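Just so you know, these numbers use all the heavy atoms, side chains as well, and skip hydrogens, waters and symmetry mates. Every chain is numbered from 1 and lettered A, B, ... according to where its sequence line falls, protein lines coming before strand lines. Values in this document were obtained by computation on a predicted structure and should not be read as measured data.
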Number of protein chains: 2
Amino acid sequence: MREPTSAPDVPNEGLLDRDVLSPKVPSFSPLYQQIKALILQSLKAGEWKPGEIIPSEFELAARFQVSQGTVRKAVDELSQEHLLLRRQGKGTFVATHSEQKFQYRFLKLVPNAENTALSGPAHRTVLWCKKAKANPDIAKSLQLPLGCSILQIRRILSFGCVPTILEDMILPGDAFKGLSAEELQNHQGPTYALFEKTYGVRMVRAQEKITAVHPSPEDAKMLNINDNTPLLQVERVALTYQDKPMEIRRALYKTEHHHYRNDLN
Amino acid sequence: MREPTSAPDVPNEGLLDRDVLSPKVPSFSPLYQQIKALILQSLKAGEWKPGEIIPSEFELAARFQVSQGTVRKAVDELSQEHLLLRRQGKGTFVATHSEQKFQYRFLKLVPNAENTALSGPAHRTVLWCKKAKANPDIAKSLQLPLGCSILQIRRILSFGCVPTILEDMILPGDAFKGLSAEELQNHQGPTYALFEKTYGVRMVRAQEKITAVHPSPEDAKMLNINDNTPLLQVERVALTYQDKPMEIRRALYKTEHHHYRNDLN
DNA sequence: CAGTGGTCTAGACCACACT
DNA sequence: GTGTGGTCTAGACCACTGC
């Protein structure tokens, strides 16, 4: 991409030059942004799988014909977005929900200070996993055609034997073909790790909308509470690469012994 | 701090060398971290006030005897933490809650999609602002001695004439001496901007704990709701430089027409 | 030891804002 | 034009990991 002319410091020869990198990236953006987009493409295409090491900064620099510093800045941003994970002395790895560091990073419900007994991993109880058709709301949220096949999953998460979260998940049927209640119940580690490993769907970020609600009588029974108990309703849309929505989740959080923790920066 | 010996590239002469910068920064940390700490000290000391421009990267580099790139990395991190604000072509400025971009950045309650009428700034109704003594909980949270003087403020925030947030704020009496209900009611812009301008207290980050609750009968009256309405209870601790807590806030959010929005990355 | 990411420098040029 | 932040390069050395 770069052909030094006379001086030893030609950072960029102009706008047109940049387009040769790839027609898919915008024509006017810093070089490192284009490199970032290219790495992103490789990630999305599955050239490097979650948990795997990616080429060293110098290798990537050679491949993209830019300096190592430029690759560095691209990788910096990607690792800040939790798409890559740098490990000094080892290399740079594709981030994964299996990683200790990133496990349950989307779950903001934590036990209140007084209850240390409730920490540790949740116990899952999958109530069902059934096929359905996308209604207008779901089709819009998942950017699917109306009536498209989806999966509906309901489960309960318990901490220290106390049922605490009642969760309804909606997944596009195509991407998760074959997913069963048994698999959801019995797999090891986070559910998002299962999605990565078995279905090649890596959730990259998510948006949540939180309100306070009362449970329906049926939901109250599931959580073993009075139907006059105030609960957090957390509606999540989880996104994969390029902000494509791949999951809708509506959860009810019991906040008797827990709270939703958020850090504002 | 740097004295090139023979080669034109001596990034660092060793650990001891670094201590001459300042005895207050840890002895082993990258140069740019020390620069960051020094800039932070100047910010805390008020050398540059919120909204003011700080010296250019080259000036800071000369002052600290490091290269511009090293200053750059320090400033990069500070502006990522919203302590500084870079503006290409203009300079780097001390971030402020008066800034459009940062106004209400700690307020995550947003109107539901269907209600555009409810956006826009909130209307404040200050119910009281009175002096009190810190009880054990407050003393611990604000890191003050027990019985220390504090200010207790209660107010209602309304969106489009609908009372939506009932808020109790607790401030250390020393730092906010003279703060009155009138001032809280009548000032322009965000309350955190008032704290900056008049009391020199800049809130840098905050932590929130969210639960679902029912209001007390009195609180329900204030929000003009049934006392069986589920509400979000948002407990916030706001921190100034060096993570010193300077405010406790307990708020009740009505989520009939709004929701708490959170982006997970 | 070699290989990787992490830090630091020096210098050049680009993009933007103001005068 | 001047000055600011923003990008890019090339090269050196440091810190960490694992052979």
Side-chain angles (χ1 to χ4, degrees), chain A residues 1-18 21 26-36 39 52-62 64-80 84-94, chain B residues 1-18 21 27-36 39 52-62 64-80 84-95:
Chain A
M1 180 193 301
R2 192 53 35 80
E3 273 164 0
T5 50
S6 55
D9 44 70
V10 179
N12 204 303
E13 279 133 29
L15 301 184
L16 291 175
D17 174 38
R18 305 185 160 213
L21 233 190
S27 67
F28 181 55
S29 64
L31 245 190
Y32 74 89
Q33 289 284 4
Q34 299 179 46
I35 304 303
K36 187 179 164 186
I39 295 173
E52 286 181 8
I53 194 170
I54 72 168
S56 77
E57 296 181 349
F58 278 106
E59 284 180 87
L60 290 173
F64 299 131
Q65 296 282 109
V66 298
S67 79
Q68 179 246 12
T70 301
V71 170
R72 183 165 191 78
K73 182 141 187 178
V75 172
D76 271 349
E77 290 201 356
L78 289 168
S79 72
Q80 247 181 334
L84 296 176
L85 176 61
R86 318 186 80 136
R87 295 198 231 189
Q88 182 172 118
K90 291 185 181 174
T92 302
F93 300 78
V94 182
Chain B
M1 179 193 298
R2 189 54 37 77
E3 274 165 0
T5 50
S6 54
D9 44 68
V10 178
N12 203 303
E13 277 132 27
L15 301 184
L16 292 174
D17 174 39
R18 304 184 161 214
L21 234 189
S27 68
F28 181 56
S29 64
L31 246 190
Y32 74 89
Q33 289 284 4
Q34 300 177 46
I35 304 302
K36 187 179 164 186
I39 296 173
E52 287 181 6
I53 193 171
I54 72 168
S56 76
E57 296 181 348
F58 279 105
E59 284 180 85
L60 289 173
F64 298 132
Q65 296 281 107
V66 298
S67 80
Q68 180 245 12
T70 301
V71 170
R72 183 164 190 77
K73 183 142 187 177
V75 172
D76 272 348
E77 290 200 355
L78 289 168
S79 72
Q80 248 182 331
L84 296 177
L85 177 60
R86 318 186 80 136
R87 296 201 231 189
Q88 182 171 129
K90 291 187 180 171
T92 302
F93 300 77
V94 182

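- What separates NZ of B:Lys73 from C1' of D:dG6 is a distance of 16 Å, to the nearest Å.
- Note: CG (A:Asp76) to C1' (C:dC8) measures 15 Å, nearest angstrom.
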Exercise. Hey, mind stepping through B:Gln80 and B:Asp76 against side chain to side chain contact (heavy atoms under 4.5 Å, CB included) and telling me if it holds?
Worked result: CA-CA 6 Å; B:Gln80 248 182 331; B:Asp76 272 348; 5.8 Å; no
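- With a 3.5 Å ceiling on both atom-pair distances, the Watson-Crick or G-U wobble partner of D:dG6 is C:dC13.
- Between B:Tyr32 atom OH and D:dA15 atom P there is a gap of 14 Å when expressed in whole angstrom units.
- The CZ-P distance, from B:Phe93 to D:dG3, rounds to 16 Å in whole Å.
- Taking every heavy atom of both residues into account, B:Ile39 and B:Ala74 meet most closely at CD1-CB, 4.4 Å.
- Considering only heavy atoms from C-beta on, B:Leu60 comes within 4.5 Å of B:Ile54 through its side chain.
- The CG-C1' distance, from B:Leu31 to D:dC14, rounds to 12 Å in whole Å.
- Distance check, rounded to the nearest 0.5 Å: CG of A:Leu84 to CD1 of A:Ile53 gives 11.5 Å.
- At distances below 3.5 Å, at least one donor-acceptor pair connects side-chain atoms of B:Gln34 with backbone N or O atoms of B:Ser29.
- Computed from coordinates, the B:Leu84 CG to D:dT4 P distance equals 16 Å when rounded to whole Å.
- In this structure, the side chains of A:Phe64 and A:Leu31 stay at 4.5 Å or more apart for every pair of heavy atoms.
- The distance from atom CG of A:Leu85 to atom P of D:dT17 is 13 Å, rounded to the nearest whole Å.
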Distances under 3.5 Å between nitrogen or oxygen atoms of protein and nucleotides 2-5 of chain C:
from  : atom 1 : to      : atom 2 : distance (Å)
C:dG3 : N2     : A:Gly89 : O      : 2.9
C:dT4 : O2     : A:Gly89 : N      : 3.4
C:dG5 : OP1    : A:Thr92 : N      : 3.4
C:dG5 : OP1    : A:Thr92 : OG1    : 3.1
C:dG5 : OP2    : A:Glu57 : N      : 3.0

